[in-house]
Amino acid sequence: ERSWHIIHCDCGPVLLCLWYRPPNRDEIESIQRFEQELSHFSRDTVAVIVVGDMNVHNAEWLRYSRGSSREGTELETVCCTHGLRQHVKDPTRGPHLLDLVLSNFSSGSAAK
């Protein structure tokens, strides 16, 4: 379940995505669709923010992960491709980090 929104800010239009991804092990189609939608909707925006419960694990990329999973690796690849950084630094569900905040805001974007 994903919804996309454009927020008009002083720095320009910002794309906001709210996303719940069920914890389906080895399911990457939703992440591939996310990348297609991201590419389409972000064309005329100055930045992207993605928030939600993505239920992915990637011990090298996401601190507090329960190991690594195919879907965690796939999401990391998409984020690297689109310049999205993960901002949550503490566990969000018990001892694990499942709720993420991803963005490509540069330090200068918000100051414009």
Side-chain angles (χ1 to χ4, degrees):
E1 299 173 29
R2 216 172 10 258
S3 63
W4 295 92
H5 310 271
I6 299 287
I7 300 171
H8 296 279
C9 303
D10 289 342
C11 63
V14 174
L15 180 63
L16 172 65
C17 175
L18 307 173
W19 185 11
Y20 170 73
R21 185 189 163 280
N24 297 330
R25 187 146 179 88
D26 292 326
E27 184 281 314
I28 62 166
E29 291 80 17
S30 64
I31 297 169
Q32 292 167 340
R33 284 191 310 274
F34 164 74
E35 181 174 26
Q36 292 168 353
E37 293 168 5
L38 174 63
S39 294
H40 175 75
F41 292 130
S42 66
R43 286 184 197 147
D44 296 321
T45 62
V46 298
V48 175
I49 302 170
V50 180
V51 298
D53 182 356
M54 290 139 201
N55 288 297
V56 299
H57 291 279
N58 184 319
E60 291 185 27
W61 177 51
L62 302 172
R63 194 171 177 192
Y64 303 108
S65 284
R66 181 185 62 221
S68 292
S69 63
R70 183 176 177 210
E71 57 274 16
T73 301
E74 183 74 13
L75 184 58
E76 179 188 19
T77 299
V78 169
C79 289
C80 287
T81 299
H82 294 275
L84 298 174
R85 290 174 296 133
Q86 202 292 118
H87 298 278
V88 180
K89 303 301 180 201
D90 296 310
T92 58
R93 187 83 41 86
H96 300 124
L97 175 63
L98 301 177
D99 304 311
L100 306 178
V101 175
L102 309 167
S103 83
N104 64 355
F105 263 103
S106 66
S107 58
S109 294
K112 288 183 182 177

For [X] against [Y], the heavy-atom pair lying closest together:
{"X": "S68", "Y": "A59", "result": "OG-N, 3.0 Å"}
{"X": "N24", "Y": "R21", "result": "O-NH2, 3.0 Å"}
{"X": "V88", "Y": "L97", "result": "CG1-CD1, 3.3 Å"}
{"X": "S69", "Y": "R25", "result": "CB-NH1, 3.3 Å"}
{"X": "W19", "Y": "M54", "result": "CE3-CG, 3.8 Å"}

Quick one: does [X]'s side chain get under 4.5 Å of [Y]'s, heavy atoms only?
{"X": "R93", "Y": "D53", "value": "yes"}
{"X": "I49", "Y": "V51", "value": "yes"}
{"X": "F41", "Y": "C17", "value": "no"}
{"X": "C11", "Y": "F105", "value": "yes"}
{"X": "E74", "Y": "V56", "value": "no"}
{"X": "L38", "Y": "L84", "value": "yes"}
{"X": "D26", "Y": "E71", "value": "yes"}
{"X": "I7", "Y": "P13", "value": "no"}

(request) Take R2 and R33, measure what side-chain contact (heavy atoms from CB on, under 4.5 Å) needs, and give me the verdict at the end. (result) CA-CA 10 Å; R2 216 172 10 258; R33 284 191 310 274; 3.7 Å; yes

When rounded to the nearest 0.5 angstrom, what distance separates [atom1] in [X] from [atom2] in [Y]?
{"X": "T92", "Y": "D99", "atom1": "OG1", "atom2": "CG", "answer": "3.5 Å"}
{"X": "W61", "Y": "C80", "atom1": "CH2", "atom2": "SG", "answer": "7.5 Å"}
{"X": "S3", "Y": "L16", "atom1": "OG", "atom2": "CG", "answer": "7.0 Å"}
{"X": "N58", "Y": "R63", "atom1": "CG", "atom2": "CZ", "answer": "14.5 Å"}
{"X": "T73", "Y": "I31", "atom1": "OG1", "atom2": "CD1", "answer": "9.5 Å"}

(message) Is it the case that atom CD in E29 sees more than 12 heavy atoms from other parts of the structure closer than 6.0 Å?
(response) yes

(request) Might you confirm whether atom CG of D44 has over 12 heavy atoms from other residues, nucleotides or ligands at distances under 6.0 Å? (result) no

(message) I'd like to check the side chain to side chain contact (heavy atoms under 4.5 Å, CB included) partners of H40; sequence neighbours left out, ordered by chain and number.
(response) R43

(message) Side chains of E37 and W4: any donor to acceptor distance under 3.5 Å?
(response)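 Yes.
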
(message) Starting from Y20, can I reach L102 by hopping between I/L/V/M/F/W/Y residues whose side chains sit under 4.5 Å apart?
(response)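 L102 and Y20: separate clusters.
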
(message) Could you see if I28 belongs to whatever hydrophobic cluster contains L75? Use Ile, Leu, Val, Met, Phe, Trp, Tyr and a side-chain cutoff under 4.5 Å.
(response)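 They do not share one cluster, since no chain of ILVMFWY contacts under 4.5 Å joins I28 to L75.
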
(message) Could you work out, with ring-ring contact (aromatic ring centres under 6.0 Å, His included) as the rule, every residue matching Y64, not counting sequence neighbours?
(response) none

(request) Keeping to residues at least two apart or across chains, list the ring pair (Phe, Tyr, Trp, His ring centres under 6.0 Å) pairs with something in residues 66-97. (result) H57-H96

